[in-house]
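In this text the structure is predicted, and so the values were computed from the model without any measurement. Chain letters run A, B, ... following the sequence lines, proteins first and then strands; every chain starts at 1.
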Amino acid sequence: MKARTPKGTRDFNARELAKRHHVTSVIQSAFKRYGYAPLETPSFELSETLMGKYGEEGDRLIFKLLKSGNFMRSVAEGATPKASDIIDKALRYDLTVPFARYVVENFGQLPMPFKRYQIQPVWRADKPQKGRFREFYQCDADVVGSQSLWQEVELVNLYAEVFEALNLAVVIRLNHRGILSGIAEMAGVGDRLTEFTVALDKLDKIGQEGVVAELKDRGFSDDAIKKLSPALIPARSMDESLTALDGWFEGSEMGLKGIEDLRFILQHINSNIKVSLDISLARGLNYYTGCILEVNPVGLDMGSVGGGGRYDNLTGIFGKEGLSGVGISFGLDRIIMSLEELGQMPDGIVSCPQVLVLNQSDAEYAFKTCMALREAGIDADFYPDSAKMKKQFAYAEQRQIPWVIYAGEREAAESRVVLKHLADGTQTNLSIAAAIEQLKP
RNA sequence: GUGGUUGUAGCUCAGUUGGUUAGAGCGCCUGGUUGUGGUCCAGGAGGUCGUGGGUUCGAGACCCAUCUUCCACCCCA
């Protein structure tokens, strides 16, 4: 048997965990500062909770769990089982659907509006590639029970704050489902909005011509495509785009509502935040009904490091109609990769012991010394075997422990220790209390 | 799901048109040095060449399958 992790999964060593903790603590403290309460949900849900919520493509990517015990019991002899016959649970695919399930299940006990954040791994049976894993973390903040646009304003501010604190240059792109609907309506293809947005979503990838070609492929008429053409423009400054669309949307209620919403957001977010209108931003998830936003790192071919939007009826699928929600998500793994590629990940955040107590001629005295350091709140390690100095020093070096302490017979005799700094080789003979004083963080 | 790519020592990689006993650097272990690491010197361990089949007198190399890695598409964080 070969020891290895499953496809698309990773181990995180001390160094990597330090980086992850650095990023999550920035995100978490922002979530808390904006008034969100923490929530954790199970790593797996009933499969019926998840299936059908992410489109047909999504169902394929959900990790499904076999029924416990004899999972074939409801399958006729010799028959090919249907998925629903042999599975009844599935790994969490995102954090939004479990959140919706939680809200419906606990409705009545929850304060409204209800704001929660959640930082947990999710799983997708995707083929791994750059910046894409089968197990990865999402950091979500959502609020349900309020239609106020102030929520969107807050979330844009929150995004900007986090990425500024992380020192990651990003561009925040905004769009509105109403604008997409308005464009489709004006072109007389309002009934084929989803198809239209799927093609439009590729604008920055395949260009205007590519989108036109795809629309033709999908059977859109030349006339409709011609009318859609004002939409096929790349992202540009918010003000400019809104003014241009404003006149065009005359008579389209949905389109005008979209413009009005985005104007409100634009006017109220922190004035130093740059956002752009990107009408090609459609996002795969079709439950968004209002504002849509996505965040991309500048100067990297990385995909988005965050996204979100408003969904007017997410809880409807669990039988609770009319609850409006809006939320955003941070892609932790991609943020970390972006920071590393740009050389923006801070060094020296690895946590290791402050001092190694060497084990030489008096193990009991050395151990006692180590325990005294620990009781004083110092991260201290005790070398468990009376090995050669060479070996013990090599151990300290490999772990990047900055100090070592000699506490052998000679030191025990006078109740002192020798404290040595590895980097410059200086050492002093002093009392345990004095050593503690020197090592205190 | 489609197409491509990768796999040889702990790590990074050599390995000729198929030919004896598969190499290097770094790391590791032992000793020089049983209370002082990094340097130096001497010696040593470590590989069923991803796995399973096949072709061949002979396979690390060629063929097939499978797993894995990375990449593009689809989709997504």
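- rG27(B) and rG3(B) are spaced 39 Å apart, taking the C1' atom of each and rounding to whole Å.
- A salt bridge links Asp333(A) with Arg20(A): at least one charged nitrogen is closer than 4.0 Å to a carboxylate oxygen.
- In terms of polar N and O atoms assigned as donor or acceptor, the side chain of Arg334(A) comes within less than 3.5 Å of the base of rC76(B) in a complementary pairing.
- Look at the P atom in both rG7(B) and rC49(B): the space between them is 15 Å, to the nearest Å.
- Toward the 5′ end of RNA chain B lies the nearest nucleotide of Glu397(A), the other residue of the pair Glu397(A) and Lys7(A) mapping further downstream.
- In this structure, Met389(A) atom CE and rU33(B) atom P are separated by 17 Å, rounded to whole Å.
- Gln138(A) comes within contact range of the sugar-phosphate backbone alone, with a heavy-atom separation under 4.0 Å but no base atom that close.
- In this structure, Arg310(A) pairs ionically with Glu152(A), as a charged nitrogen and a carboxylate oxygen lie closer than 4.0 Å.
- Distance Leu422(A) CG to rU39(B) P: 14 Å, rounded to the nearest Å.
- When Watson-Crick and G-U wobble pairs are counted only if both distances are under 3.5 Å, rG23(B) pairs with rC13(B).
- By the criterion of a centre-to-centre distance under 5.5 Å and near-parallel planes under 30°, the ring of Phe136(A) forms a stack with the base of rA77(B).
- Nucleotide rU33(B) has no partner under the Watson-Crick or G-U criteria, as no pair reaches both atom distances under 3.5 Å.
- Set against rU36(B), rU34(B), rA77(B), the side chain of Ser304(A) has rA77(B) as its closest nucleotide.
- Regarding Lys390(A), its NZ atom lies at a distance of 12 Å from the P atom of rG27(B), rounded to whole Å.
- Taking only side-chain nitrogens and oxygens, Gln360(A) comes nearer than 4.0 Å to OP1 or OP2 of rG35(B).
- For the OP1/OP2 pair of rC28(B) and a distance below 4.0 Å, the side-chain nitrogens and oxygens of Lys391(A) include no atom meeting the criterion.
- What separates CG of Leu61(A) from C1' of rC74(B) is a distance of 10 Å, to the nearest Å.
- The same atom, C1', is picked in rU12(B) and in rU48(B); the two are 23 Å apart, to the nearest Å.
- Comparing Gly58(A) and Gln398(A) by the nucleotide of RNA chain B that holds the closest heavy atom to each, the one mapping nearer the 5' end is Gln398(A).
- Across all strands shown, rC75(B) has no partner, as no Watson-Crick or G-U wobble contact with both distances under 3.5 Å is found.
- Annotation: rA22(B) and rG50(B) have their P atoms spaced 15 Å apart (nearest Å).
- Residue Gln392(A) places no side-chain N or O under 4.0 Å from the OP1 or OP2 atom of rG37(B).
- Look at CZ on Arg134(A): it is 9 Å from P on rU69(B), rounded to the nearest Å.
- Taking 4.0 Å as the cut-off between side-chain N and carboxylate O, Lys19(A) and Glu340(A) count as a salt-bridged pair.
- The cationic atom of Arg124(A) (NZ for Lys, CZ for Arg) does not lie both less than 6.0 Å from the six-membered ring centre of Phe63(A) and within 45° of the ring axis.
- Residues Asp142(A) and Arg116(A) are paired through a salt bridge, judged by an N-O separation under 4.0 Å between the basic side chain and the carboxylate.
- Counting to the nearest Å, the C1' atom of rA77(B) and the NZ atom of Lys130(A) are 15 Å from each other.
- Within 4.0 Å (heavy atoms only), Ser329(A) reaches no atom of the nucleic acid at all.
- A salt bridge is defined here as a Lys NZ or Arg NE, NH1 or NH2 lying under 4.0 Å from an Asp or Glu carboxylate O, and Arg101(A) with Glu45(A) meets this definition.
- rU66(B) is paired with rG50(B) under the Watson-Crick or G-U wobble criterion, all donor-acceptor distances under 3.5 Å.
- Interface remark: the Lys420(A) side chain does form a donor-acceptor pair with the rU36(B) base, using a distance-only criterion of under 3.5 Å.
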Before giving the answer on ring-ring contact (aromatic ring centres under 6.0 Å, His included), spell out for Tyr383(A) and Phe393(A) the whole-Å C-alpha distance, their side-chain angles and the decisive distance to 0.1 Å. CA-CA 10 Å; Tyr383(A) 200 89; Phe393(A) 269 93; over 10 Å; no
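- rC64(B) and rG4(B) have their P atoms separated by 12 Å, with the value rounded to a whole Å.
- The separation of rA24(B) from rG18(B), taken at their C1' atoms, amounts to 23 Å, rounded to a whole angstrom.
- Across all strands shown, Glu135(A) has no heavy atoms under 4.0 Å from either base or sugar-phosphate atoms.
- The side-chain contact (heavy atoms from CB on, under 4.5 Å) with Phe44(A) is formed by just one residue from the set Asp88(A), Leu65(A), Leu50(A); it is Leu65(A).
- The separation between Asp126(A) atom CG and rA77(B) atom C1' is 10 Å, rounded to whole Å.
- The base of rU2(B) sits within donor-acceptor range of the side chain of Lys127(A), with an N or O pair under 3.5 Å.
- The side chain of Phe393(A) lies closest to rG37(B), out of rG1(B), rG37(B), rG35(B).
- Separating the CZ atom of Arg20(A) from the C1' atom of rA77(B) is a distance of 12 Å, rounded to the nearest angstrom.
- If you take atom P in rU51(B) and the same atom in rU8(B), they sit 10 Å apart, rounded to whole Å.
- For rC75(B), the base has a donor-acceptor partner in the side chain of Arg132(A) [N/O atoms by modelled type, under 3.5 angstrom].
- Ala423(A) comes within contact range of at least one nucleobase, with a heavy-atom separation under 4.0 Å.
- Here the separation of rC75(B) from rC63(B), taken at their P atoms, is 34 Å to the nearest Å.
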